[in-house]
Undergrad: 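Here it is, the structure in full.
Order of the sequence lines sets the chain letters (A, B, ...), proteins ahead of strands, with each chain counted from 1. Atoms considered below: every heavy atom in the structure, side chains included; atoms not considered: hydrogens, waters and symmetry mates.
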Amino acid sequence: MSAVPRATDFAPLPRRFFARGAVAVARDLMGRVLVHQTRAGLCAGIIVEAEAYDESDPASHCYNGPTARNRTMYGPPGHLYVYRSYGVHWCCNVVTGGAGVGAAVLLRAVEPIAGLPIMQRRRFDGADGPLRDLARGPGRLCAAMGITRDHDGVDTTEPPLWIGRTPGRFSRPTLRTTPRIGISKAVSRPWRFCVAGSPFVSGPKRLR
DNA sequence: CATACGATTGACT
DNA sequence: GTCAATCGTATGA
């Protein structure tokens, strides 16, 4: 990779990557790259934490069937499902499985690798903040990457907002599997995955 | 219509 | 460790 990462460094993952079960996709997303090209410039981060949600899952937005909010989750795989959390933050998921299946993977944290000044601006309003906290947590991730409700339904298999391959040879990171964070149902399902030991992973230290 | 509650974060004790 | 912010969505009268 060149010193300054370019959009072409991150070849989009094909749709078939996402056309599988949410748990399998969540695992395989570790070490991939979330990329967003905007007028402000190019931002990218290595995905280091994600959680799986599916239809048979009491903790999922799809557990009670299709609604106006979750309709994107029933659409084609590889598209982005964005929802508002606590009336304050945006959270983004990648839709998985076939069309008609309500499943997705919540992106919870990335390690920033491109466009760091842009992310700093979005997150800390220009002030300096800890690099580690730039995109650590689902709400922070969306803030740093410039993802909002406007991106609900966008296709992440092509620019300007996509999930790409890590430049160079991909070596699968060492994964840690834990229960999901912040839910009150199905609390023991081990459907959260993160890069073991990464400081860019959210949640309590014991879950890293 | 009323109301309870978050797939969170940041400020504060 | 505790707690408020803030509002879309779901649920029930």
Side-chain angles (χ1 to χ4, degrees), chain A residues 18 21-27 29-30 34 45 47-75 77 79-97 101-112 119-153 156 163 176-195 199-208:
Chain A
F18 303 100
V23 171
V25 174
R27 290 183 57 96
L29 278 174
M30 296 302 101
L34 179 64
I47 299 171
V48 294
E49 181 187 359
E51 292 175 352
Y53 290 86
D54 79 18
E55 279 179 314
S56 65
D57 174 8
S60 170
H61 290 171
C62 286
Y63 188 58
N64 293 314
T67 66
R69 174 176 66 158
N70 67 23
R71 61 181 211 83
T72 302
M73 285 183 73
Y74 291 88
H79 287 239
L80 206 65
Y81 165 55
V82 182
Y83 70 92
R84 184 89 110 150
S85 175
Y86 289 89
V88 184
H89 307 101
W90 300 110
C91 293
C92 71
N93 302 245
V94 191
V95 176
T96 67
V101 176
V105 171
L106 172 69
L107 303 181
R108 290 193 56 93
V110 303
E111 173 182 345
M119 296 192 204
Q120 291 270 2
R121 215 174 303 142
R122 290 177 179 143
R123 277 274 293 129
F124 306 122
D125 198 27
D128 271 351
L131 168 64
R132 179 178 358 186
D133 291 345
L134 260 191
R136 186 165 71 96
R140 293 161 166 177
L141 182 156
C142 284
M145 293 296 294
I147 295 171
T148 70
R149 183 81 181 163
D150 293 343
H151 302 284
D152 184 43
T156 69
I163 294 173
R176 181 124 155 56
T177 304
T178 80
R180 294 168 294 181
I181 290 177
I183 55 173
S184 58
K185 300 167 190 168
V187 292
S188 64
R189 287 192 193 193
W191 284 5
R192 172 179 176 269
F193 304 93
C194 63
V195 174
F200 298 95
V201 171
S202 76
K205 190 189 258 183
R206 68 175 194 282
L207 294 182
R208 303 210 313 238

Undergrad: Side-chain N or O of A:Arg108 less than 4.0 angstrom from OP1 or OP2 on B:dT8?
TA: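 Yes, A:Arg108 has a side-chain N/O under 4.0 Å of OP1/OP2 on B:dT8.
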Undergrad: Please give the distance between the C1' atoms of C:dG1 and B:dA7 as a whole number of Å.
TA: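 To the nearest whole Å, 23 Å.
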Undergrad: Would A:Tyr53 and A:Arg189 satisfy side chain to side chain contact (heavy atoms under 4.5 Å, CB included), going step by step from the backbone distance to the final call?
TA: CA-CA 10 Å; A:Tyr53 290 86; A:Arg189 287 192 193 193; over 6 Å; no
Undergrad: Decide if atom CZ of A:Arg27 counts as having more than 12 heavy atoms of other residues, nucleotides or ligands within a radius under 6.0 Å.
TA: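 Result for CZ/A:Arg27: open.
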Undergrad: Out of C:dA5, B:dG6, B:dA7, which has the shortest distance to the side chain of A:Tyr81?
TA: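 Closest nucleotide among those given: B:dA7.
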Undergrad: Judged by each residue's nearest nucleotide on DNA chain B, which is more toward the 5′ side, A:Pro138 or A:Ser184?
TA: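 By nearest-heavy-atom nucleotide position, the 5'-most residue is A:Ser184.
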Undergrad: Is A:Arg123 near enough to B:dG10 that one of its side-chain N or O atoms lies under 4.0 angstrom from OP1 or OP2?
TA: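 A:Arg123 to B:dG10 OP1/OP2: side-chain N or O found under 4.0 Å.
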Undergrad: Is the distance from OP1 or OP2 of C:dT9 to the nearest side-chain N or O of A:Arg71 less than 4.0 Å?
TA: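 False: A:Arg71 side-chain N/O out of range (4.0 Å or more) of C:dT9 OP1/OP2.
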Undergrad: With respect to the side chain of A:Arg69, which nucleotide from B:dT8, C:dT9, B:dG6 is positioned closest?
TA: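 Nearest to the side chain of A:Arg69 among the choices is C:dT9.
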Undergrad: Tell me the interatomic distance from A:Phe124, atom CZ, to B:dT9, atom P, rounded to whole angstroms.
TA: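 Roughly 12 Å, once rounded to whole Å.
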Undergrad: Name the residue closer to the 5' end of DNA chain C, choosing between A:Tyr86 and A:Arg149 according to the nucleotide with the nearest heavy atom.
TA: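 Looking at DNA chain C, the more 5' nearest nucleotide goes with A:Tyr86.
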Undergrad: Within the structure shown, what part of the strands sits under 4.0 Å from A:Asn93 by heavy-atom distance: base, sugar-phosphate, or nothing?
TA: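 Counting heavy atoms under 4.0 Å across all strands, the contact made by A:Asn93 includes a base.
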Undergrad: Ignoring hydrogens, what is the shortest heavy-atom contact between A:Arg122 and A:Met145? Give both atom names and the distance.
TA: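 Nearest pair, atom of A:Arg122 first, then A:Met145: NH1-C, 3.4 Å.
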Undergrad: Please report the distance, rounded to the nearest Å, between CZ in A:Arg84 and P in B:dT9.
TA: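 Value for this atom pair: 14 Å.
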Undergrad: Would you say C:dT11 has OP1 or OP2 under 4.0 Å from some side-chain N or O of A:Asn64?
TA: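 For C:dT11, OP1/OP2 do have a side-chain N/O of A:Asn64 under 4.0 Å.
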Undergrad: May I have the distance from A:Asn70 (atom CG) to B:dG6 (atom C1'), rounded to whole angstrom?
TA: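 Distance, rounded to whole Å: 15 Å.
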Undergrad: Kindly indicate, with the supporting measurements, whether the criterion side chain to side chain contact (heavy atoms under 4.5 Å, CB included) is fulfilled by A:Leu131 and A:Phe200.
TA: CA-CA 9 Å; A:Leu131 168 64; A:Phe200 298 95; 4.1 Å; yes
Undergrad: Could you state the atom-to-atom distance from CD1 of A:Ile181 to C1' of B:dT9 in whole Å?
TA: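 Atom-to-atom, A:Ile181 to B:dT9, this comes out as 13 Å.
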Undergrad: Passes side chain to side chain contact (heavy atoms under 4.5 Å, CB included), A:Ile181 versus A:Glu49? Steps please.
TA: CA-CA 11 Å; A:Ile181 290 177; A:Glu49 181 187 359; 4.0 Å; yes
Undergrad: Report yes if a side-chain nitrogen or oxygen of A:Arg140 is closer than 4.0 Å to either non-bridging phosphate oxygen (OP1 or OP2) of B:dG10; otherwise report no.
TA: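 Answer yes for this pair, as a side-chain N or O of A:Arg140 is under 4.0 Å from OP1 or OP2.
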Undergrad: With a cut-off of 6.0 Å (strictly less than), are more than 12 heavy atoms of other residues, nucleotides or ligands near OH of A:Tyr63?
TA: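 It does not: A:Tyr63 OH has 12 such atoms or fewer within range.
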Undergrad: Could you state the CG-P distance from A:Asp152 to B:dA7, rounded to the nearest angstrom?
TA: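 Value for this atom pair: 16 Å.
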Undergrad: May I have the distance from A:Met73 (atom CE) to B:dA7 (atom P), rounded to whole angstrom?
TA: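 Rounded to the whole Å, the gap is 12 Å.
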Undergrad: Contact class for A:Ile183 (heavy atom, under 4.0 Å): base, sugar-phosphate, or nothing?
TA: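 If one applies the 4.0 Å heavy-atom cut-off, A:Ile183 turns out to touch the sugar-phosphate alone, with no base involved.
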Undergrad: Counting only side-chain nitrogens and oxygens, does A:Thr67 get under 4.0 Å of the OP1 or OP2 atom of C:dT9?
TA: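 For C:dT9, OP1/OP2 do not have a side-chain N/O of A:Thr67 under 4.0 Å.
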Undergrad: Rounded to the nearest Å, what distance is computed from the CG atom of residue A:Asp133 to the P atom of nucleotide B:dG10?
TA: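 Taking atom P of B:dG10 as the reference, CG of A:Asp133 is at 8 Å.
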Undergrad: From the list B:dA7, C:dC7, C:dA5, which nucleotide is the closest neighbour of the side chain of A:Val88?
TA: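 For the A:Val88 side chain, the nearest candidate turns out to be C:dA5.
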Undergrad: Rounded to whole Å, how long is the line connecting atom OH of A:Tyr83 with atom C1' of C:dT6?
TA: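 Rounded to the whole Å, the gap is 15 Å.
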Undergrad: Given that both distances must come in under 3.5 Å, which nucleotide forms a Watson-Crick or G-U wobble pair with C:dT6?
TA: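 The answer is none; no pair meets the criterion.
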